[in-house]
Structure formats: structure tokens, C-alpha cells
Amino acid sequence: MRAYVHVPFCRQKCGYCKFALTPFVRETEVERYFIALEKEIAAFCDADVGLLETLYFWGGTPSAVGAERIGAVIRQFSDRFGWADDAEITVEANPEDLTEDFCRSLRGFGVNRLSVGVQSLDDRVLRAVGRTDSATVFRAFESAFSAGFANVNADIIVWLPHERPGGSLAALKALHERFPLAHSSVYLLEAGAYPKAWEGTRFEGEALAQEYEACREFLVGKGFRHYEVSNFAKPGFESKHNRGYWERRDVLGFGLSAASLWRGERFENAASFSLYYRGQKVACETLSQAQVKLEEALCGIRTFSLPAELVSDRAKLAEFAELWWLAERDGKIVVTSAWIIFLDHIMSGLI
Ligand code: SF4
């Protein structure tokens with residue numbers, strides 16, 4: 001089985017963030033939250049879940065609540081479920097939290113994968129979006145590798161305010177030159193995530209597609225597998241947890257607004273703290289055959305494994321694209337800029 005834990009606290013609010021969270025880490029709130037989380041995990045009573053294959057600490061900023069809290073949750077999962085061979089335990093982290101001591105503690109608790117939010121190495125860009133500086137980013141990776149992590153991801157976001165054309169590619173090159181990264185994610189900021197204040201600060205159109213393409217070429221040229229529209233990994237270092245989503249495998253989500261897919265049903269915890277503390281679910285549905293088909297096709301597009309009939313039949317693909325836009329319009333899926341560029345590639349036969 002696979003599970004994730006939502007840690008909905010951050011030290012600051014990034015200008016482009018749309019996640020449900022309490023922007024600041026407040027000790028009493030964090031304490032209360034982790035007590036509720038412990039209860040939620042303890043209350044999960046399906047007897048036949050099997051061993052844990054992956055556990056993913058997702059945010060928010062999981063690294064902002066300290067290694068001990070993460071360790072306590074891992075211990076609880078160990079006692080409750082036990083681990084499959086080669087289990088993957090990932091923690092999402094922001095650079096300012098990654099001291100060597102912190103990284104060593106995580107390793108001691110069994111964390112074997114780190115996903116670091118870099119976003120840019122241009123200090124002007126980082127300041128504009130409310131994040132730390134590039135020197136802190138480099139120190140963070142030094143700490144992670146000194147502590148012995150071998151499976152480390154760097155997230156980059158293309159299209160942040162003030163980023164120059166070529167800036168994201170330069171950041172990727174600088175990181176990969178200096179550190180033995182096993183994984184990189186290259187996201188394109190969704191146009192809708194842009195606050196009004198940032199208007200006029202980004203490059204547009206073809207240059208955006210070219211930047212994404214240049215990042216892709218660089219990583220593929222380094223031997224990384226482009227295994228999902230925004231994700232690249234050295235062979236054998238693909239995120240097992242995230243692959244599970246794209247293969248539509250069951251996952252249990254714990255914590256505020258966490259969503260689960262479990263035995264054909266989708267359910268989701270409340271996104272407000274008070275409702276979450278009362279154990280309220282906001283959505284619970286049994287998936288219809290049509291929903292499953294659409295999801296399979298969407299995941300197929302993301303992972304370059306489209307159902308055979310879509311690949312061989314362009315008319316069917318166009319029909320599917322139409323379905324996709326409708327699902328987006330109705331708020332059933334969020335289509336990112338990267339997807340749009342990628343779909344263009346498929347339609348024009350480039351990939
Ligand atoms: S660190 Fe992540 S979750 Fe937190 S505010 Fe920034 S983008 Fe949002």
C-alpha cells in the first residue's frame with residue numbers, strides 16, 4: 001500500500017501558492033495538528049492493507065515542522081503497517097530547513113528520498129516570490145549529500161516573475177554540475193496562479209515552450225528518463241510514490257485536505273482545520289467506468305503511455321482532448337501549461 005501525509009504549514013507564503021495551508025508554523029497549532037494526525041492514522045482500520053511500499057510527506061513544507069515530528073509519524077506507520085522491501089520514504093523540503101543535522105536525523109528515521117523546492121537560482125526571482133536565496137539552496141544540497149542522501153530531487157518552476165529566458169535552464173545546469181541529483185521536476189507555472197502585481201514580469205509565448213523544451217533536452221541529454229510530463233529521473237530513480245498516482249494505484253492520504261483512492265472509491269478530508277479535527281470528509285464517491293477511463297487516459301498522456309487506441313487513432317485523440325478540456329472547464333482536473341505544451345507535441349507528432 002502507499003500513503004501520504006499532508007503537513008499544511010509553511011514558514012512563508014510563496015506568491016504563487018494555491019495550496020490549503022496555514023502559512024506560518026505556529027507551535028501550538030502544529031502540536032494540535034500532529035495529535036489529530038496520529039489519531040487519524042490509528043483509526044484507519046482496514047485490516048487488509050499490506051505492507052507500506054511508499055510514504056510521502058507532502059506540503060505545505062514538511063521540513064518546517066522539524067525532523068522529530070516526521071520521525072514520530074514514520075514510527076507510527078512502522079508499528080501499524082510495516083514496510084515492503086525497497087520502501088520509499090520521501091520528504092518534501094525547503095532549502096532553509098536542510099541543515100546537515102536535520103538531514104542526518106531524517107536519514108536516521110528511514111527517509112531515503114528528498115524533494116527540494118528550488119524553483120529558481122536567480123535571487124531577484126526568489127525574492128519576488130517570497131522564497132530564500134540561491135546561496136541557501138546550494139548549502140541545502142551540500143547538507144543533503146553530506147548526510148548521505150543518494151536520491152534527491154530538485155524542483156524548478158519555469159515562468160516565475162522576472163525570470164529571464166534561459167534562467168531555468170541555467171539553474172538546472174548549475175545544480176546538476178555541482179550535485180549528483182537523481183531526479184528533477186520542471187513545472188510550468190499555471191497562468192491562473194499569477195497575482196495581478198506580477199503582470200508584465202514574465203516572458204511569453206514561444207519563449208516559454210522553448211524554455212521547457214531546452215530543460216527537457218538538457219535532462220534527457222544527461223541520461224534522465226522523461227517519465228512524466230514534468231518529471232525526469234536517472235533510470236531506477238523514478239518516484240515510486242508518484243508513479244503510483246499515474247498508474248492509478250490505491251493511495252491513502254492522511255491530514256488536512258488529504259485525498260485517497262481506495263478500492264474504487266475516492267474520499268477527501270476537510271480542508272479547514274476545525275472540520276478536519278472533527279474528522280469530517282468533504283467528498284466521497286465511487287468512481288464510474290467513464291471516470292476511470294478518463295483518468296486512465298489522462299494518466300496515459302502524462303506518462304507517455306496512452307491507451308493503444310488513442311495513439312493509433314488521431315480522431316480518437318482529438319475527441320479525448322475535447323473531453324479533457326471539458327473536465328478542466330468543470331473543475332474536475334487542472335491542466336497545467338506543461339500539459340498544454342505536451343499535448344501540442346503529441347498532436348503535431350513531435351513526440
Ligand atoms: S512552500 Fe510550497 S506550500 Fe508553502 S507557500 Fe510555498 S509553494 Fe505554497
Side-chain angles (χ1 to χ4, degrees), residues 4-27 29-30 33-34 37 56-67 69-70 73 90-99 102-103 106 113-134 136-137 139-141 144 152-163 168 171 183-195 197-198 201-202 230-231 239 241-242 245 253-259 268-273 276 334 336-338:
Y4 83 92
V5 171
H6 185 198
V7 181
F9 302 99
C10 291
R11 293 190 191 285
Q12 75 289 319
K13 171 109 173 131
C14 305
Y16 51 81
C17 182
K18 295 195 302 183
F19 294 130
L21 57 86
T22 294
F24 301 107
V25 179
R26 286 191 299 266
E27 259 319 296
E29 190 63 68
V30 173
Y33 182 76
F34 273 81
L37 189 60
Y56 197 103
F57 288 85
W58 180 71
T61 312
S63 57
V65 298
R69 284 199 176 93
I70 292 170
V73 175
T90 303
V91 170
E92 287 189 345
N94 268 357
E96 59 271 28
D97 299 318
L98 292 182
T99 62
F102 177 84
C103 293
L106 288 188
R113 184 171 185 274
L114 273 184
S115 180
V116 186
V118 175
Q119 326 312 17
S120 170
L121 286 180
D122 183 325
D123 285 340
R124 185 176 178 212
V125 175
L126 291 171
R127 258 196 315 278
V129 299
R131 294 182 64 89
T132 189
D133 57 21
S134 55
T136 306
V137 172
R139 273 199 301 277
F141 283 106
V152 181
N153 167 59
D155 279 353
I156 291 286
I157 300 181
V158 178
W159 220 25
L160 289 173
H162 306 295
E163 190 75 87
S168 298
H183 194 286
S184 276
S185 303
V186 180
Y187 298 108
L188 269 66
L189 197 64
E190 296 147 46
Y194 249 75
W198 292 355
T201 61
R202 64 189 173 187
S230 302
N231 285 282
S239 161
H241 185 83
N242 289 336
Y245 286 112
F254 295 95
L256 189 80
S257 71
E268 197 175 320
N269 288 341
S272 96
F273 281 89
Y276 170 65
V334 176
T336 65
S337 315

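If you read the sequence from its start, that first residue is 1, and numbering goes on from there. Because the structure is a prediction, the values reported are computed rather than measured. Every number for a ligand or one of its atoms is a count from 1 in the order of the listing. Keep in mind that the numbers below use all heavy atoms, side chains included, and drop hydrogens, waters and symmetry copies.
- If you number the atoms of ligand 1 from 1 as listed, the ones under 4.0 Å from a heavy atom of Gly60 come out as 3 (S).
- Under the side chain to side chain contact (heavy atoms under 4.5 Å, CB included) criterion, Ala67 pairs with Phe102, Ser105, Leu106, Phe109, sequence neighbours left out.
- Listed by number with element, the atoms of ligand 1 under 4.0 angstrom from any heavy atom of Thr61 are 1 (S), 4 (Fe).
- Close approach of ligand 1 to Arg131 is summarised as follows: ligand atoms under 4.0 Å from at least one heavy atom of the residue are 1 (S), 6 (Fe).
- Listed by atom number, the atoms of ligand 1 under 4.0 Å from Tyr16 heavy atoms are 7 (S).
- Taking a cut-off of under 4.0 Å to the non-hydrogen atoms of Gln12, the atoms of ligand 1 that pass are 5 (S).
- Residues satisfying the side-chain hydrogen bond (donor to acceptor under 3.5 Å, both in side chains) criterion with Ser120, sequence neighbours excluded, are Glu163.
- Remark: Asp97 engages Arg11 in a salt bridge, criterion side-chain N to carboxylate O under 4.0 Å.
- Near Asn94, meaning under 4.0 Å from one of its heavy atoms, ligand 1 places the atoms 1 (S).
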Worked check of side-chain hydrogen bond (donor to acceptor under 3.5 Å, both in side chains) between Gln119 and Tyr187: CA-CA 9 Å; Gln119 326 312 17; Tyr187 298 108; over 6 Å; no
side-chain contact (heavy atoms from CB on, under 4.5 Å) between Val73 and Phe254, intermediate numbers included: CA-CA 11 Å; Val73 175; Phe254 295 95; over 6 Å; no
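- Cys14 lies apart from atom 8 (Fe) of ligand 1 in this respect, since none of its N, O or S atoms is found at a distance under 2.8 Å.
- Those atoms of ligand 1 with a heavy atom of Cys17 less than 4.0 angstrom away are 3 (S), 5 (S), 7 (S), 8 (Fe).
- Counting only N and O atoms by type, the side chains of Ser134 and Asp123 include a donor and acceptor under 3.5 Å apart.
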